[in-house]
Structure formats: structure tokens, C-alpha cells
Protein chains: 2
Amino acid sequence: MRYFLVLAEELHFWRTSEKVFMSQSSLSRQIQGLEEELGFKLLERDKRNVKLTEAGKFLQKRWRELLDDMDRAQTQAKKINMGSSGLISIAYPGSISSSFLPELLRTFTAEMPEMKMELVEPTDATNEKLLLDYHIDIAFSRDSVQHPALSSKKLYSEPVCLVVAENHWLNENTYHDFKSLENESFILSGLHHTTFFATLLRRIFTTYGFEPKTHVETDFGGLILNLVANGLGISILPYSFQFGSYTGVRFINLQEEVDLYVNWRKKDENEVIEKIIQHSEALGEKIKARIIL
Amino acid sequence: MRYFLVLAEELHFWRTSEKVFMSQSSLSRQIQGLEEELGFKLLERDKRNVKLTEAGKFLQKRWRELLDDMDRAQTQAKKINMGSSGLISIAYPGSISSSFLPELLRTFTAEMPEMKMELVEPTDATNEKLLLDYHIDIAFSRDSVQHPALSSKKLYSEPVCLVVAENHWLNENTYHDFKSLENESFILSGLHHTTFFATLLRRIFTTYGFEPKTHVETDFGGLILNLVANGLGISILPYSFQFGSYTGVRFINLQEEVDLYVNWRKKDENEVIEKIIQHSEALGEKIKARIIL
DNA sequence: CACCTCTAATCCGTTTTTTGCATTAATACA
DNA sequence: TGTATTAATGCAAAAAACGGATTAGAGGTG
């Protein structure tokens, strides 16, 4: 199967055989054997060209996923065998990268400096699947996951805020009605995405019955704040962004709130994960106390 | 790995070797080889007893899942190779088993009698994961799935209804306020579940500020209707239950609505699935027309 | 304590599978 | 027509898997 996956990329027996350090004849036989065992051809080949069959295309994709899962299972087992030390993988929404996450990492690396944490870039897979397939160990998210094999705990709720430049006409006193922002230029994080926060944004705008004028879209909150500070538009971000050390912007609370959840595998006899969750809860309480409505 | 999975069940080399049709010596070597490759022990064995290590327990569970996935991948590939004929697996919420589903199956088996359909019992895994792992091909559900590799389409919305016995004091005219049902005895489908419908039910009751008195809980809609007809209580069910041929009950529309979605893998070059989806949409329209608000 | 039983590991010869070299066969291209 | 390219095949060597017989250690029994 591993040979096949390389071959499916190369579509060339001889080049593939070099890549996997074996002779061309042996590779040819291996693929034949595999096809015989499966009962159908994975590749169409005349004497000159090689190309994947439909079934072959499917198995290329699926086997790569599954062999990755196999490798991860092995890694995970090794961790368990060694007393679950080493590496914790964490997925997170961009909106906590300026306040919650740095603080969590700071307190945690102070306590367990030998522990390595991997911050996983948000992909298109859901946190649920990532957890269940052992891609990650902990997921922070704006909505809770539902799967019965997973645990989910709300850490805190926070308002979402209008963010404007310091010299902008809007402030707590001049802001009365969301509808009055119809002519403002917005800088928003990926409205087209399927994330919970983007969905919330869409809901706000449909509730108030207008489409925001957006000239820039970016996912990186820090960049948004810079753009806002430079008078390029206004934005909507979770409250906790103001805990970051950004200057030149003003936050105005809105009615809407977002939550932050931690999610993890229910039975994962890894005390490090438990410790991180405890830390997260404590930190959640601290942040809760810092929010002024 | 397959040997290991049997051994992990039996915890006995000789019995295992018989089950997998090989000698005890060879099995012993295979397991040793596997452990050596992994770099850690899967089983603790003294001369008398065999038991799994923690890592072994984990891999037993995970490998079984993944080897199942491997088998399913192969089956799926074979289907693709043969032009995707054969078997379609469908997951569904219990609430469509009395109206939508039978009609769909009837029209479909009439058109393609050689096609086999498998109705998958709802498990604790989410439809999303079941689709992505090729456990099922189509999922009907009360909420749409979000994963970017999956398609989701709303078929219709229907009210949820109070269901009472024919001789019950409640009817369209006497019903005014949900709150007035506080003293009624309810027969409800698994309130404690995490299904979308159960969540809706909980939301209704929390909105109106009382806990329903429930003496019976069951998931089987048909049974609920029988119990209601026999005066054992009242219930709340989706509108379409009244398309079933039940007598002795009366339906009273409530404000709340539930949707029905079809969900499937986006790129699944199986024209049978597409056909089922088309049929479902058509049937959805038909049902929509039959709903009298 | 001597003896038997049970069971996983090990020794060793046999069988099966995998691999590589050399060659073949089929195709494309000049 | 001739040459280069490339997948398949014949064959022998190497590696891996396998089975029978035996060993080793633990537990039980009289």
C-alpha cells in the first residue's frame, strides 16, 4: 500500500522503484499482487503510460488518510507506553491567540518546561474528527462539540465588540443602533467561512438587515486591529482582543456574546491533558473577572 | 495486527493460534516481531498469563476501528470499480420512519429493484463521521452537517405537534398556551439524548419554564402514538407522523418547526446516490404541500 | 519434595514470499 | 527502420513466515 501511494503520485514504475529503494521488477510484482488480492486493477497501464483507475484514485486518497491514522495511532500508543509524556497538540480559534492562549502557554510551560505543545493550524476538518482521529489532543472552540466520546466544557462567555480607530466618531456614547453602521467600511475575518464566529457575524448582519461593505478580509486578528487603528475601517471582534497590547483602537461592547469551550477525549488517561484543562478553567475564571460589561 | 486483535481478545497464545489457523510458535514470533517494530510491548506475559499493556489496550481499540475502515475502503473501491452498483447505506432519524422513509424506499425500489438499501440504526457516532468514514452513504437528519467535504440540503420544514388522544380535552380550539400543559403527563422520546430533536424538546420546555412530567420515555414513535391513543399521556412529535396510519390520536400544531436534511459526500461519483437525493427532494416537495398549518 | 501440567519461548529445517538481475515485449518517436 | 523508453517476466538468491519438536518456567498435586 505504501508503494502504491508513491506510485500513484509518480505514475512511473521505474522512478517509483528508486524512491522506495527497490527494483522495478519487484515493485511491478508487488502492485500486481496487491491488485490480485483486491480483485480489481488500481492502475491502467499500457507499455508506455500509467494512470490510475477510478477505484485507484479513491484508494489513493483513502489509504493515505488511513495510513496516516495508523501512524498516529502508533505514536499515540508510544506516548501511552512512555507515560504520556512529550507532545500535546492543540487546535484553537484565531480569536484566542492574543489573550487566552499566550497566557495559558506561559503558565503551563513555566510549570512543565519539558512538555512540548503543538499548536495546530485550523484546517477544514472539524475539531470533532480531529480529536477522534488523534490528530489533536485538545481543541479550543467557539461552539461545543457534541460527540458522546468527547467532553466539552464552557470556559467563559464574552461580548463581541465593535472595534474602531481611536479618533473615530463612534464611542460608547455615540453608538446607539447597529443599523446606523450601514455606511461604515468593515474589515472582517472570513465571512465566507463556516466557523462559528463567521456564522455569528453573518447572523448579526442579517438580523440588522444590511450587508457590510467590506474591502478587506483577513483571518489574522492582529492585522485587523492594525488596519482599524490606521483608519481603514471598523471591525467586530471578541472582547478579549483588548487584553492584547494594541494601541490606537477603541472597543465598544455589543449585545451578542460568544463562548469559549475546551474539548477533549473523554477517556484519555493522560494527566497532562487534565492539567491543561484545569489551567484553562482557572484562566477562564480570571478572564471572566476582567470583562467589564 | 489481525493476529494481535484476536490474541487481545483471547489472551491465550495457543487458543489464538488455532483460531487464526497457524502454529503457536509462529504466532509467538509474529507478535514479537510486531512489538519489536513498534518499539514497545503490547502484552505482559509471564510463563503462565497474558495480559494487555496500556498501549496494547489502546491499539486494540484503535486498530480494530482502523482495520474496519480499511475493509470498508476496499469495499467502497470495489463498488466504484463495478460502477457503484449494489448497496447504499442510509442513516435516518426515527421521526421519518413513518412517512418520509417508507415512501422514499417504495418509489426507489420500484425504480431500481436490483438495488439494495441498508438502513443503519442510529449509533452514538455522528452522521458526519459516519459519512466521512464510509460507514454510510446518505444521512437524513434534523440538523445539517457542516463539514466542507459533505453536502447538505434542506428538504422541508414541518411544525412539531402536540399529540393527544382523540377524546382528550385538548384540541385546536381549547389549546392556547403551552404553559397550560404543565400538569399533563408527557410521553417523550429520549429527553436525555443529544439528538437535535431532543434538544429542541428541552428548549421548548425551558422556554416555557416547566419540567414535563414524564412517566414513559421511548424512542419509537409508533409506540408513543399507541400509548397516547390509549390515554396514557400526551406527546410532542413532528407533523409528518400524522401521515402514518394511526388512529385514535389528534395532532395540534405548535409554533416550533423542525427541518429535514439530506447529507452526503460531495464528490461521490455514484449516480445512485444522486438519484436518491433527487427523489428525496421531490418527495420533500410533496410532503411540504401536504402540510396544513 | 518429586512429579505432572500448562503455556510461552526457542531451535531448526521447510515452505512461501519478496527481491534483484537480466531479458523480453510492446510502444513511441526520430 | 532503428532506437529509446518502460512495464512485465524468467529465474535464482535472499528474506520472511511457518510448523514440529523441544525447552523453560510457573503452578498445582499427592
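All values derive from a computational prediction rather than experimental measurement. Chain letters run A, B, ... following the sequence lines, proteins first and then strands; every chain starts at 1. Computation of the quantities below employed the complete heavy-atom set of this structure, encompassing side-chain atoms and omitting hydrogens, waters and symmetry-equivalent molecules.
The ring pair (Phe, Tyr, Trp, His ring centres under 6.0 Å) check on B/H279 picks up B/F108, with sequence neighbours excluded. Qualifying ring pair (Phe, Tyr, Trp, His ring centres under 6.0 Å) partners for B/Y3, counting only residues two or more places apart in sequence or in other chains: none. Taking the ring pair (Phe, Tyr, Trp, His ring centres under 6.0 Å) definition, one finds that A/F196 meets it with nothing, sequence neighbours left out. Considering only residues two or more places apart in sequence or on other chains, B/F140 meets the ring pair (Phe, Tyr, Trp, His ring centres under 6.0 Å) condition with B/F100.
Within 6.0 Å of the CD atom in B/E36, the count of heavy atoms belonging to other residues, nucleotides or ligands does not exceed 12. Summarising the local packing, NZ of B/K51 is surrounded by 12 or fewer heavy atoms from other residues, nucleotides or ligands at distances under 6.0 Å.
Rounded to the nearest 0.5 Å, atoms CG (B/L34) and CD (B/Q30) are 8.5 Å apart. Summarising the geometry, atom NZ belonging to A/K154 is positioned 13.5 Å from atom CD belonging to A/E281; distances are rounded to the nearest 0.5 Å.
Counting only residues at least two apart or in different chains, ring pair (Phe, Tyr, Trp, His ring centres under 6.0 Å) contacts with residues 52-72 of chain B comprise A/Y134-B/F58, B/F4-B/W63. Applying the side chain to side chain donor-acceptor pair (under 3.5 Å) rule to pairs touching residues 37-46 of chain A yields A/E35-A/R45, sequence neighbours excluded. Judged as a salt bridge (charged side-chain N to carboxylate O under 4.0 Å, His left out), not a single pair has a partner in residues 189-199 of chain B (not counting sequence neighbours). The list of salt bridge (charged side-chain N to carboxylate O under 4.0 Å, His left out) pairs with a residue in residues 16-33 of chain A, not counting sequence neighbours, reads A/E10-A/K19.
Distance CD1 (B/I31) to P (C/dT7): 17 Å, rounded to an integer number of Å. Remark: P of C/dG20 and CZ of A/F21 are 12 Å apart, rounded to the nearest angstrom. A straight line from CG of B/L27 to P of C/dA9 spans 9 Å, rounded to a whole angstrom. For the pair A/R45 CZ and D/dA8 P, the interatomic distance rounds to 4 Å; values are reported in whole Å. In this structure, B/E18 atom CD and D/dG19 atom P are separated by 12 Å, rounded to whole Å. The distance between atom CD of B/Q32 and atom C1' of D/dA17, rounded to the nearest whole Å, is 13 Å.
Applying a 4.0 Å cut-off to non-hydrogen atoms, the residues of residues 3-17 of chain B that approach DNA chain D are B/Y3, listed by residue number.
Proximity of B/K129 to B/T126: side-chain heavy atoms (C-beta onward) are separated by under 4.5 Å at one or more points.
Listed pair B/S28 / C/dA9 meets the phosphate criterion, a side-chain N or O lying under 4.0 Å from OP1 or OP2. Applying the 4.0 Å criterion to OP1 and OP2 of D/dG19, one finds that B/S25 has every side-chain N and O outside that range.
Residue-to-nucleotide proximity on DNA chain C shows that, of B/S26 and A/S23, the 5′-proximal contact is made by B/S26.
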Note to self: So if I define the base as every atom that isn't primed, P, OP1 or OP2, how would nucleotides 23-30 of chain C read as a B/S/- string at a heavy-atom cutoff under 4.0 Å?
What the structure shows: ---BBS--
Margin query: At under 4.0 Å between heavy atoms, how does the protein contact nucleotides 12-17 of chain C? Give one character per nucleotide, 5' to 3', with B, S or -.
Written below: B-----
Checklist line | side-chain contact (heavy atoms from CB on, under 4.5 Å) evaluation trace for A/E111 with A/R106 | finding: CA-CA 9 Å; A/E111 189 177 329; A/R106 189 146 37 80; over 6 Å; no
Could you list all N or O pairs between the protein and nucleotides 12-15 of chain D that sit under 3.5 Å apart?
none

